[in-house]
Colleague: 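This is the structure I want to talk about, given as structure tokens.
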Amino acid sequence: MTAPLKYKRVLLKLSGEALMGADPFGINRDTIMRIVGQVKEIADMGVQVGIVVGGGNIFRGVSSQAASMDRATADYMGMMATVMNALALKDAFESLGVKARVQSALSMQQIAETYARPKAIQYLKEGKVVIFAGGTGNPFFTTDTAAALRGAEMNCDVMLKATNVDGVYTADPKKDPAATRFDTITFDEALNKNLKVMDATAFALCRERRLNIVVFGIAQEGALKRVIAGENEGTLVHC
Ligand code: UDP
């Protein structure tokens, strides 16, 4: 008999950087295939998966390239970058035989469906991976906030924030070798200790909607599966 799943419906937040691998920018095919392979593992276990993907590997509204631009215009470019990543993810899923759909917060009907909540929920119930592109569809926000929003709207059990660091630490582990990882921490403790889990808007929305967050490193083989099994992987930020 297999162990019961700790989470049945999850919202996975993938940053754009997670798709770059060791490359300086863009999408690294081996890296994206490894990530998609991990998602396939949990989808095959019956977990319903929604994904919000970032765009920082291609363009960021607050980047130095965008410094002299009108911020809202730069942000729309950033949102379009997330659509490119979403299409790459869909393609990678399909190459593994996993059914996936892209829903974009910005209308781009030739290449993706426009976001529609009931349809997205229906896809999740059918076992299709739903990739949410275009962030929130509004400038001045981030894809972390889009992840909190879609996670709450989809009634997900948890938000899984995949990062380069394998959890939330007492200090930046790259700068302080004595830094230790929290196994669990409450929203209030994280706030009081001024720990950066997600940007403030995303964090506040998760806290308000009581959507717990697991921060974990997607680079470790099998990490996603261990999170789903409720093993001590990453950091659980809870109410
Ligand atoms: N963005 C936006 N509104 C949103 C989500 C994203 O304007 O709701 C823009 C913003 O310019 C951001 C870029 O898209 O810098 C890429 O998103 P993000 O920086 O969150 O990507 P990540 O860091 O996860 O790769």
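Whatever order the structure lists them in is the order used to number ligands and atoms, beginning at 1. Throughout, residue positions are numbered sequentially from 1 according to the sequence presented.
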Colleague: Quick test: of every protein heavy atom, which one is nearest to atom 23 (O) of ligand 1, and how far off is it to 0.1 Å?
Modeller: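 Protein heavy atom with the smallest distance to atom 23 (O) of ligand 1: Arg60 NH1, 2.8 Å.
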Colleague: Check this for me - ligand 1, Lys13, N or O atoms closer than 3.5 angstrom, yes or no?
Modeller: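 By distance alone, the answer is yes.
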Colleague: Is there a polar contact, in the sense of an N or O pair closer than 3.5 Å, between Gly56 and ligand 1?
Modeller: yes
Colleague: Go through the steps to decide whether Ser95 and Met33 satisfy the test side chain to side chain contact (heavy atoms under 4.5 Å, CB included), and finish with yes or no.
Modeller: CA-CA 9 Å; Ser95 75; Met33 289 312 297; 3.3 Å; yes
Colleague: Between Val62 and ligand 1, does any nitrogen or oxygen pair lie at a separation below 3.5 Å?
Modeller: no
Colleague: Suppose I only count heavy atoms of Gly61 and a 4.0 Å limit; which atoms of ligand 1 are within that range?
Modeller: 10 (C), 11 (O), 12 (C), 15 (O)
Colleague: Dump the intermediate steps for side-chain hydrogen bond (donor to acceptor under 3.5 Å, both in side chains) on Gln109 and Ser107, then the final yes or no.
Modeller: CA-CA 6 Å; Gln109 56 190 354; Ser107 292; over 6 Å; no
Colleague: Report yes if some N/O of Asn57 lies less than 3.5 Å from some N/O of ligand 1; otherwise report no.
Modeller: no
Colleague: Does the Gln38 side chain pair with the main chain of Leu224, one donor and one acceptor, at a distance under 3.5 Å?
Modeller: yes
Colleague: May I ask you to check whether Thr145 and Asp199 show a side-chain donor-acceptor distance below 3.5 Å?
Modeller: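 Side chains of Thr145 and Asp199: pair found under 3.5 Å.
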Colleague: Name the closest protein heavy atom to atom 13 (C) of ligand 1, giving the residue it belongs to and the distance to 0.1 Å.
Modeller: Gly78 CA, 3.7 Å
Colleague: Quick test: of every protein heavy atom, which one is nearest to atom 18 (P) of ligand 1, and how far off is it to 0.1 Å?
Modeller: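 Nearest protein contact, heavy atoms only, for atom 18 (P) of ligand 1 is Thr143 OG1, 3.4 Å.
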Colleague: Ion pair present between Asp75 and Arg71, side-chain N to carboxylate O less than 4.0 angstrom?
Modeller: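 Yes, Asp75 and Arg71 are salt-bridged.
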Colleague: Show which atoms of ligand 1 fall inside a sub-4.0 Å distance from at least one heavy-atom site of Glu17.
Modeller: 25 (O)
Colleague: What about Gly54: any of its N or O atoms under 3.5 Å from an N or O on ligand 1?
Modeller: no
Colleague: Could you list which atoms of ligand 1 come closer than 4.0 Å to a heavy atom of Thr136?
Modeller: 4 (C), 8 (O)
Colleague: Ignoring hydrogens and geometry beyond distance, is a side-chain donor-acceptor pair present between Glu153 and Tyr115 at under 3.5 Å?
Modeller: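 A donor-acceptor contact under 3.5 Å links the two side chains.
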Colleague: Less than 3.5 Å between some nitrogen or oxygen of Pro139 and one of ligand 1, yes or no?
Modeller: no
Colleague: Which protein non-hydrogen atom lies closest to atom 21 (O) of ligand 1, naming both residue and atom, and how far is it?
Modeller: Gly55 N, 3.1 Å
Colleague: Is there a side chain to side chain contact (heavy atoms under 4.5 Å, CB included) between Met108 and Met80 once you walk through the steps?
Modeller: CA-CA 10 Å; Met108 296 192 187; Met80 288 169 72; 3.9 Å; yes
Colleague: Just wondering, more than 12 heavy atoms not from Met154 lying within 6.0 Å of its CE?
Modeller: yes
Colleague: With a distance cut-off below 6.0 Å to the six-membered ring centre and an angular limit of 45° from the axis, does Arg210 pair with Phe187 as a cation-pi contact?
Modeller: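 No, cation not above the ring by the 6.0 Å, 45° rule.
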Colleague: Take atom CZ in Phe140; do more than 12 heavy atoms of anything else shown fall under 6.0 Å from it?
Modeller: yes
Colleague: Does ligand 1 have an atom under 4.0 Å from some heavy atom of Asn138?
Modeller: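 True for this residue.
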Colleague: Below 4.0 Å from any atom of ligand 1, is there a heavy atom belonging to Ala146?
Modeller: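 Contact check Ala146 vs ligand 1: negative.
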Colleague: Could you check atom 5 (C) of ligand 1 against the protein and tell me its nearest heavy-atom contact, residue, atom and distance included?
Modeller: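 Residue, atom and distance for the closest contact: Thr142 C, 3.4 Å.
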Colleague: Taking Asn28 for its side chain and Leu19 for its backbone only, find out whether a donor-acceptor pair lies under 3.5 Å.
Modeller: no
Colleague: What protein heavy atom lies closest to atom 1 (N) of ligand 1? Include the residue and the distance to one decimal.
Modeller: Phe141 O, 3.4 Å
Colleague: Considering distance alone, does some N or O of Tyr76 sit under 3.5 Å from an N or O of ligand 1?
Modeller: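 No, no N or O pair falls under 3.5 Å.
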Colleague: Kindly indicate whether the side chain of Arg9, heavy atoms from C-beta on, has any atom under 4.5 Å from the side chain of Ile121.
Modeller: yes
Colleague: Are any of the N/O atoms on Thr82, whether in the backbone or the side chain, positioned under 3.5 angstrom from an N/O atom of ligand 1?
Modeller: no
Colleague: Return the closest protein heavy atom for atom 7 (O) of ligand 1 as residue, atom name and distance.
Modeller: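 Checking every protein heavy atom, the shortest distance to atom 7 (O) of ligand 1 gives Asp75 CB, 3.1 Å.
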Colleague: What I want to know is whether Gly16 and ligand 1 share at least one N or O pair that is separated by under 3.5 angstrom.
Modeller: yes
Colleague: Just checking, Arg101 and Tyr123: is the charged tip under 6.0 Å from the six-membered ring centre and within 45° of the axis?
Modeller: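 Output yes; distance and angle both within limits.
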